[in-house]
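These notes concern the structure reproduced below.
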Amino acid sequence: MKITVEQLAGVPPFDYCIVGSGPAGITLALALEDAGKRVLLLEGGGESPSQASQELYRGETLGHAYRPLDGCRIRAFGGSSNGWGGWCRPLDAVDFEEKPGLADSGWPIRRSDLAPYAVRADDFFGLGPPEDEPPLPGAPLKQSRFRYSTVNFGEKYRDRLFASASVAVALDTSLVAILTDGAAVTGLQVDAGGVRRTLTAQRYILATGGIENSRLLLWSNQLAQGALIRQPATLGRYWMEHPHFTLGEILLRHRAGLHFDEKDVGFVSPSPELMAHKRLLNCGLRIIRGGEAQTLDSIRRLARVAPRLASATLHDYRQGQSYGALLRASWEQRPRAENRVALAAQKDRLGIPRVALHWTLDDEDKRTALESARRLGRYIADLDLGRLRLDGWLSGSEPFPDDDELGGCHHMGGTRMARTPEQGIVDRDCKVFGQRNLYIAGSSVFPSSGFANPTYTIVQLALRLAAHLEQSRTA
Amino acid sequence: MKRRRLLKVGMLNLLLLAGLPVARAHVARHVERGGWILRPEDD
């Protein structure tokens, strides 16, 4: 049912209050509804995106150029699934492991802890079964596969949630502070069009996204004078994106061995052995088929260094056996404390400090992208599948370009999952350390990110959290 | 012919030991020119 904060007066406390109705919040609400629980779902935006709501997402970025913060996330029912690309893939097993020589890497859970929730996650996304990801024979590389969802969580699950007898949805209701007695959350202060109320439930789940989770905790902890997050050293820190850049181009003479999906994109990434041997982070190389102009431009560039090979490639192209492709990549960043969500001096109209996002790329980023692309280039040259060219900035000493896609709007980290409160904000069950009844859902809990788009893992984690909440209540 | 080939191999070994680029190019499986990752025999 839809509800307003005024209508909540006198209503008995809910079992759960979920803040945020993106894929994490909606998945949790539906899973807890299935378990017969009473749930209050708060959404700061309206039923659909609006400029007025997006304005609250404005903020400043420091470090490397990044996207406008009000343009890379959506504050409305359904959250950022109102504008996502639908790319689904679970993280690799290696993404959860501690990597030798890489400080602050590794999760306190394993891929196998999320695997039981894959089938149900597929159902939420409307996906068929996953395909195998075969190795590339003779190369320290493997092929990756994405599945594409067309589900907008707001659109798909709106009717069910608005008609639900046990889930109450309050739109245009923004969290402005989390109240605590030091050991447990005692209520949430919210603002609904200027009306302020304190709402209570038995348990609270913060699911406001990979930037807002940190911002709201930083602000609430400041108001609570440190009583909400007792060990805040990592709060807002270890924030990560998947850098998105064009790395070069490929002239492919044959497709043999490489799989291209329905979008005509081939995905290749370093094998776990190569990552371990070279101490690389995970990297998703994307081979995107280009058109005639791209192909002919590539052949012209090849002709400058290998004219006879270029001539043969042109001949193949005219026979329909060769084409040009763009080499793009998105990869895993090293978790670094310096990359962080912080509070800016300026406040928004609700009185909450706007976000100041510190994001930089370093040599580790460049080495991961360069080495992965170079290995692919060598592989396709060895098998005479074609030739690959690396862009000058990648193989040289120039900095990262600031006019590329930059990031995938994948906001991860800030409230990382850890074994101890010194190392992170939530435990392996996504419960905030030191608070009996506060949990976090979403990619802000990722301690490291792999290269796969995060939404699939967010939904797996939300389903696991729902199962944990119910098990721990009955225990 | 055989003597000439032996001489060539000997010279290459010397260059390789000296770490000269021309020697490395002869034994490398790949070379990079203009960013392109090529086989040594490409043109």
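Below, chain A is the first sequence line, B the second, and so on; all start at residue 1.
Of the N and O atoms on the side chains of A:S449 and A:D95, not one donor lies less than 3.5 Å from an acceptor on the other residue. Looking only at atom types and distance, the side chain of A:Y66 has a donor-acceptor partner in the side chain of A:E241 under 3.5 Å away. Judged purely by distance below 3.5 Å, without hydrogens or angles, the side chains of B:H30 and A:D382 pair a donor atom with an acceptor atom.
A side chain to side chain contact (heavy atoms under 4.5 Å, CB included) with A:N282 is found for one member of A:K99, A:M275, A:H242 and no other, namely A:M275. For the side chain to side chain contact (heavy atoms under 4.5 Å, CB included) with A:I250, the qualifying choice from A:L326, A:L376, A:L285 is A:L376, the only one to do so.
Per-residue heavy-atom pair counts under 4.5 Å with chain B were compared for A:A306, A:A312, A:G248, A:A310, and the maximum is reached by A:A306. No other option in B:R39, B:E32, B:R33 has as many heavy-atom pairs under 4.5 Å with chain A as B:R39.
Residues from residues 387-408 of chain A that place a non-hydrogen atom less than 4.5 Å from a non-hydrogen atom of chain B comprise A:R387, A:L388, A:R389, A:L390, given in numerical order.
Checked by atom type and distance alone, the side chain of A:R89 never pairs as donor or acceptor with a backbone atom of A:N453 at under 3.5 Å.
Salt bridge present: A:R300 and A:D297 bring a charged side-chain N and a carboxylate O closer than 4.0 Å.
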